[in-house]
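In what follows, chains are A, B, ... by sequence order, proteins preceding strands, each numbered from 1.
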Protein chains: 2
Amino acid sequence: MQETLLEPVAKPLRLSGARRTAILKALADPRRFELLQRIARAGCPLGCAEARAALPISAATLSHHVKELETAGLIQVRREGKFHFLTLRSGVMQGLIAILSALDTDHCPQR
Amino acid sequence: MQETLLEPVAKPLRLSGARRTAILKALADPRRFELLQRIARAGCPLGCAEARAALPISAATLSHHVKELETAGLIQVRREGKFHFLTLRSGVMQGLIAILSALDTDHCPQR
DNA sequence: TAATCAATTCGATAGTTGTCGAAATGTCGA
DNA sequence: TCGACATTTCGACAACTATCGAATTGATTA
């Protein structure tokens, strides 16, 4: 791995089938999606307190969703003492988009 | 990526939040995803018999998945007498990709 | 009309998941 | 060390979903 760290936009990652499914499942929950949108719009590292204020869910549930997003590799969690900060991992999203595009571009000449 | 002239790719649809969730849920099942890939690669209208041969599931389960994909608007089912033929609705996928791209392009300057 | 085949619906079941409150863990400041 | 605060884990529960076999609907053909 070389110079990827400060890149705002990473290259599309190659995703396995299992990973693809995990990501799609993570995205398929409206609260998690909302959370991702907040993170994307936040100027970036989003504190959990802000996240919680944005979503009408308990701390336990938020923790659950954050873990799902982290496990799927969609976000990165920077843990600084008491607080956690959430950022997107953009290469993953690009990888997913690449897969979805392939579904579309193989389009048929309609019989 | 070169801009395409030959493909019957539709314009991206604008998707509501509920629709987006329905689509992501539909995509998040591995069998449904596999089915979509088959349809995409098939040269197009895919018969249910072929679909069934490709997936290790019962007719009842296939019927269930086809309905899910149809309800989400990802595929169109042309019913001709005894047989049904499946085709992609490509505008929907483009719409989803547009939404997912938005998640990514708002990327932060990694403070 | 009867038999046959494709697909759907029904009913049941097992597994998954979103949610919470309560308890536990971990961090920081006084 | 103590207490306040942030987050996680635990245990439980309700809702949802993928799956199947059996029964059903609907179309084609003998």
Side-chain angles (χ1 to χ4, degrees), chain A residues 16-39 42 44-88 111, chain B residues 17-39 42 44-88:
Chain A
S16 70
R19 184 92 186 274
R20 181 203 72 216
T21 299
I23 292 167
L24 286 168
K25 277 197 176 132
L27 293 172
D29 180 89
R31 270 140 233 109
R32 282 195 290 264
F33 201 94
E34 168 82 15
L35 186 49
L36 281 178
Q37 288 181 317
R38 296 278 177 162
I39 297 173
C44 231
L46 185 75
C48 281
E50 302 171 78
R52 239 201 114 182
L55 274 64
I57 57 179
S58 72
T61 303
L62 176 60
S63 181
H64 165 67
H65 286 316
V66 166
K67 184 194 270 185
E68 292 286 312
L69 291 173
E70 192 183 17
T71 300
L74 280 164
I75 66 172
Q76 185 175 8
V77 183
R78 179 161 47 91
R79 294 161 214 268
E80 282 191 6
K82 220 162 43 159
F83 303 98
H84 294 194
F85 297 93
L86 316 176
T87 58
L88 292 183
R111 180 203 319 268
Chain B
R19 184 91 186 275
R20 182 204 71 216
T21 298
I23 293 168
L24 285 168
K25 277 197 177 129
L27 293 172
D29 180 272
R31 266 139 234 112
R32 282 195 291 263
F33 201 94
E34 168 83 14
L35 186 49
L36 281 178
Q37 288 182 316
R38 295 277 176 164
I39 297 172
C44 233
L46 186 75
C48 280
E50 303 170 80
R52 238 201 114 183
L55 275 62
I57 56 179
S58 73
T61 303
L62 176 60
S63 182
H64 164 66
H65 285 317
V66 166
K67 185 193 270 185
E68 292 286 314
L69 290 172
E70 193 184 16
T71 301
L74 279 163
I75 66 172
Q76 185 175 9
V77 182
R78 179 161 47 93
R79 294 160 213 270
E80 282 192 5
K82 216 162 48 158
F83 303 98
H84 294 193
F85 298 93
L86 316 176
T87 58
L88 292 183

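In this structure, A:E50 places its CD atom 16 Å from C1' of D:dT7, rounding to the nearest Å. Between the C1' atom of D:dT9 and the CD atom of A:E68 lies a distance of 14 Å, rounded to the nearest Å. When rounded to the nearest whole Å, the span between CD1 of A:I57 and C1' of D:dT7 equals 13 Å. We find that NE2 of B:H84 is positioned 11 Å from P of D:dG26, with the value rounded to whole Å. Here the P atom of nucleotide D:dT19 and the CD atom of B:E34 are 12 Å apart, to the nearest Å. Look at CD on B:E70: it is 13 Å from P on C:dA7, rounded to the nearest Å. The separation between B:F85 atom CZ and C:dA7 atom C1' is 13 Å, rounded to whole Å. The CZ atom of B:R52 sits 12 Å away from the C1' atom of C:dC5 (whole-angstrom rounding).
B:R32 comes within 4.0 angstrom of the backbone, heavy atoms only, and of no base. Contacts of A:H64 with the nucleic acid, taken as non-hydrogen atoms under 4.0 Å apart, include base atoms. In this structure, A:L62 reaches neither bases nor backbone, as no heavy-atom distance under 4.0 Å exists between it and the strands shown.
Distances from the side chain of B:D29 to the nucleotides D:dT7, D:dA22, D:dA18 place D:dA18 closest. Comparing atom distances between the A:K82 side chain and each of C:dC20, C:dT17, D:dA6 picks out D:dA6 as nearest. With D:dA18, C:dG21, D:dC20 as the choices, the nucleotide that has an atom nearest any side-chain atom of B:H65 turns out to be D:dA18. The nucleotide whose nearest atom lies closest to any side-chain atom of A:R31 is, among D:dA22, C:dT19, D:dT7, C:dT19. Closest contact between the side chain of B:R79 and the listed nucleotides D:dA18, C:dT8, D:dT7 involves C:dT8. The B:S63 side chain lies nearest to C:dT9 when the options are D:dT17, C:dT9, D:dA18.
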**Study point:** Test log, rule side chain to side chain contact (heavy atoms under 4.5 Å, CB included), inputs A:L74 and A:L27
**Key:** CA-CA 9 Å; A:L74 280 164; A:L27 293 172; 3.9 Å; yes

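B:P45 and B:F85 get closest at one heavy-atom pair: CB-CB, 4.0 Å. Contact between A:I57 and A:R52 at its shortest, heavy atoms only, is O-NE, 3.6 Å. The shortest non-hydrogen separation linking A:A28 to B:T21 is O-CG2, 3.3 Å.
The side chain of B:T61 contributes no N or O atom lying less than 4.0 Å from OP1 or OP2 of D:dA18.
Using a distance-only test at 3.5 Å, with no hydrogens or angles considered, a donor-acceptor pair links the side chain of A:R32 to the main chain of A:K25.
When each of B:K67 and A:P56 is assigned the nucleotide of DNA chain C with its nearest heavy atom, B:K67 is the one assigned upstream, toward the 5' end.
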